[in-house]
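Please read the structure below before turning to the comments.
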Amino acid sequence: MKKLELEDIITRIGKRIKALRAEQNITQEELAVKSDIDVRSIQRLENGHTSATLKTLLKVSHGLDTSLVFLLDVLNEKKD
């Protein structure tokens, strides 16, 4: 298995957040409210433009009603 670069991991986590949000049919603004973080942070996470702290990812996982482990488990998925 190829070692993933940090940027690739950040991008994959962002894609996972975006996909879960879309599955739940909620907007970035709604997720921001549910997660108690600002909408710009959601946008930057989803686009892979920033790495998040564990605290922020935990808030997002609660907002998406999923586990932090699920958000972070991107190492085993196949690359798009």
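Residue numbers start at 1 and run along the sequence shown.
Taking hydrophobic clusters as Ile, Leu, Val, Met, Phe, Trp and Tyr residues chained together by side-chain heavy-atom distances below 4.5 Å, V69 does not share a cluster with I17. No chain of hydrophobic side-chain contacts below 4.5 Å, direct or via other Ile, Leu, Val, Met, Phe, Trp or Tyr residues, connects V39 to V60.
Remark: the S41 side chain and the D38 side chain contain an N/O donor-acceptor pair separated by less than 3.5 Å.
The distance from atom CG of N25 to atom CD of E30, rounded to the nearest 0.5 Å, is 8.0 Å. To the nearest 0.5 Å, atoms CG (L20) and NZ (K15) are separated by 14.0 Å. Here NZ of K55 is found 10.0 Å from CG of L58. Values are rounded to the nearest 0.5 Å. The CG atom of D65 sits 7.0 Å away from atom CD of Q24, with the distance rounded to the nearest 0.5 Å. The distance from the CG atom of L31 to the OG1 atom of T27 is 8.0 Å, given to the nearest 0.5 Å. To the nearest 0.5 Å, atom NE2 of residue H49 and atom OG1 of residue T11 are 8.0 Å apart.
When each of T50, L45, I42 is paired with T56, the side chain to side chain contact (heavy atoms under 4.5 Å, CB included) condition holds for L45 and for no other.
In plain terms, the two heavy atoms of L57 and L71 that are nearest each other are O-CD1, 3.7 Å. Summarising the geometry of G63 relative to S35, their closest heavy-atom pair is CA-OG, 3.7 Å, with the distance given to 0.1 Å.
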Intermediate values then yes/no, side chain to side chain contact (heavy atoms under 4.5 Å, CB included), D73 and R16: CA-CA 10 Å; D73 187 27; R16 180 159 287 181; 4.0 Å; yes

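Two residues are said to be in side-chain contact when any heavy atoms from C-beta on lie closer than 4.5 Å; L72 and L54 meet this criterion.
A salt bridge links E46 with R21: the distance from a Lys NZ or Arg NE/NH1/NH2 to an Asp or Glu carboxylate oxygen falls below 4.0 Å.
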